[in-house]
Protein chains: 2
Amino acid sequence: MIEQNEKPAPTCSGKHTKEECAKGLQALEDTFYVIGGKWKLKIINALRIGGSSRFNQLQQTVTGISARILSKELKELELNGFIKRNVYTETPVVVTYEITPYSNTLGPVLSTLIEWGTTHRNKIKNDYKELTTSKD
Amino acid sequence: MIEQNEKPAPTCSGKHTKEECAKGLQALEDTFYVIGGKWKLKIINALRIGGSSRFNQLQQTVTGISARILSKELKELELNGFIKRNVYTETPVVVTYEITPYSNTLGPVLSTLIEWGTTHRNKIKNDYKELTTSKD
DNA sequence: CTGAATCCGCAAGGATACTG
DNA sequence: CAGTATCCTTGCGGATTCAG
């Protein structure tokens with residue numbers, strides 16, 4: 001909404017830049033493909049922190065998820081090697097889920113994501129505070 | 001699909017764990033709220049690497065995005081303070097987009113995400129190779 | 001308890017055409 | 001060139017019910 005009349009920026013678009021950009025795009029695509037969506041990272045995070053959990057336990061921890069979705073997500077996560085499903089054939093049957101070593105490669109991802117989210121939330125809170133106590 | 005008969009895991013669920021988990025959930029929620037979705041991080045990444053870009057240029061860089069979605073995403077990103085829109089009223093009008101300093105706080109997020117995606121892709125490739133040259 | 005099956009609504013996103 | 005408008009498809013996810 002702001003207009004200017006100086007000259008446009010040079011839009012540095014060398015070949016190297018282009019390739020690097022495409023590579024990033026590709027990598028982001030791959031990442032989202034396996035751990036994208038609304039729930040996957042939350043589930044992995046819950047299992048990372050809470051340790052081995054049962055189905056209902058997990059559904060309570062991951063607030064708001066329905067049984068259907070949780071079931072589906074767990075299946076996909078298992079297929080991709082992020083979690084392990086253990087069935088104990090006692091009576092009644094007990095099923096637990098736990099993360100695999102491969103999930104631990106997501107550690108840095110989860111950390112930075114959570115850290116950024118926390119910082120961002122604080123920023124928003126401050127922005128709001130400054131707005132309400134506005135005196136500039 | 002694997003059945004066991006040993007005893008279930010202890011499911012460590014202390015209060016501290018519960019809080020930490022909830023906090024992580026919250027943070028992930030916040031993060032996804034602003035930079036979630038299919039395109040936002042890709043756009044920011046493109047602008048980070050390619051520098052200031054024009055609309056059509058951006059649409060070519062971020063492969064597969066439609067004009068409608070790009071327009072919408074750019075608007076949201078601007079609202080949330082991630083990018084800046086510059087209008088140069090020459091003839092014809094030129095509009096450029098560039099990231100703001102706040103977008104730079106996403107640096108670590110993008111790095112880890114991209115790095116993980118790259119590593120994961122290589123892993124998948126190797127798994128596949130081992131499958132095709134299977135001799136174990 | 002641990003899911004699977006079914007049905008359904010909504011919103012994200014795609015295709016295309018059009019405007020200043 | 002930089003979008004907007006319109007229409008349409010798809011998939012995510014919720015609610016409910018049922019089964020082992």
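Values below: all heavy atoms of this structure, side chains included; hydrogens, waters and symmetry mates excluded. Everything numeric here is computed off the predicted structure, so don't read it as measured data.
- Counting only heavy atoms from C-beta on, B/A67 has its side chain closest to D/dG3 among C/dT2, D/dG14, D/dG3.
- The separation between A/Q60 atom CD and C/dT2 atom C1' is 13 Å, rounded to whole Å.
- The A/F55 side chain lies nearest to C/dT2 when the options are C/dT2, D/dG3, C/dG13.
- Here the P atom of nucleotide D/dA15 and the CG atom of A/L70 are 14 Å apart, to the nearest Å.
- Of the possible polar contacts, none joining the A/T112 side chain to the A/L110 backbone as a donor-acceptor pair under 3.5 Å is found.
- Distance alone, capped at 3.5 Å, is enough to place a donor-acceptor pair between the B/T31 side chain and the A/L113 backbone.
- The side chain of B/K75 places an N or O atom within less than 4.0 Å of a non-bridging phosphate oxygen (OP1 or OP2) of D/dT4.
- Screening A/K40, A/K38, A/K42 for a salt bridge (Lys or Arg N to Asp or Glu O under 4.0 Å) with A/E73, the sole residue that qualifies is A/K40.
- Atom C1' of nucleotide C/dG3 and atom OH of A/Y97 are separated by 7 Å, given to the nearest angstrom.
- At a threshold of 4.0 angstrom between heavy atoms, the contacts of A/G64 are confined to the sugar-phosphate backbone, with no base atom among them.
- Rounded to an integer number of Å, the gap from CD1 of B/I35 to P of C/dA12 is 17 Å.
- Taking the side chain as every heavy atom from C-beta outward, B/T61 and B/L47 never approach each other to under 4.5 Å.
- In this entry the distance linking CD1 of B/I65 with C1' of D/dA2 reads 14 Å, nearest Å.
- Taking only side-chain nitrogens and oxygens, A/R85 comes nearer than 4.0 Å to OP1 or OP2 of C/dG3.
- At a cut-off of 3.5 angstrom, the base of C/dG3 holds no donor-acceptor pair with the side chain of A/R68.
- Separating the CD1 atom of B/I69 from the P atom of C/dA12 is a distance of 9 Å, rounded to the nearest angstrom.
- Classified by interplanar angle (parallel below 30°, tilted 30° to 60°, perpendicular above 60°), the ring pair B/W116/A/Y102 is tilted.
- If you measure from atom CG of A/L74 to atom C1' of C/dA4, you get 14 Å, rounded to the nearest angstrom.
- Atom CG in A/N56 sits roughly 14 Å away from atom C1' in C/dA4 (whole-Å rounding).
- Between B/S71 and D/dT4, a side-chain N or O to OP1/OP2 separation shorter than 4.0 Å is present.
- Map A/K72 and A/V93 each onto its nearest nucleotide of DNA chain D; the residue landing nearer the 5' end is A/K72.
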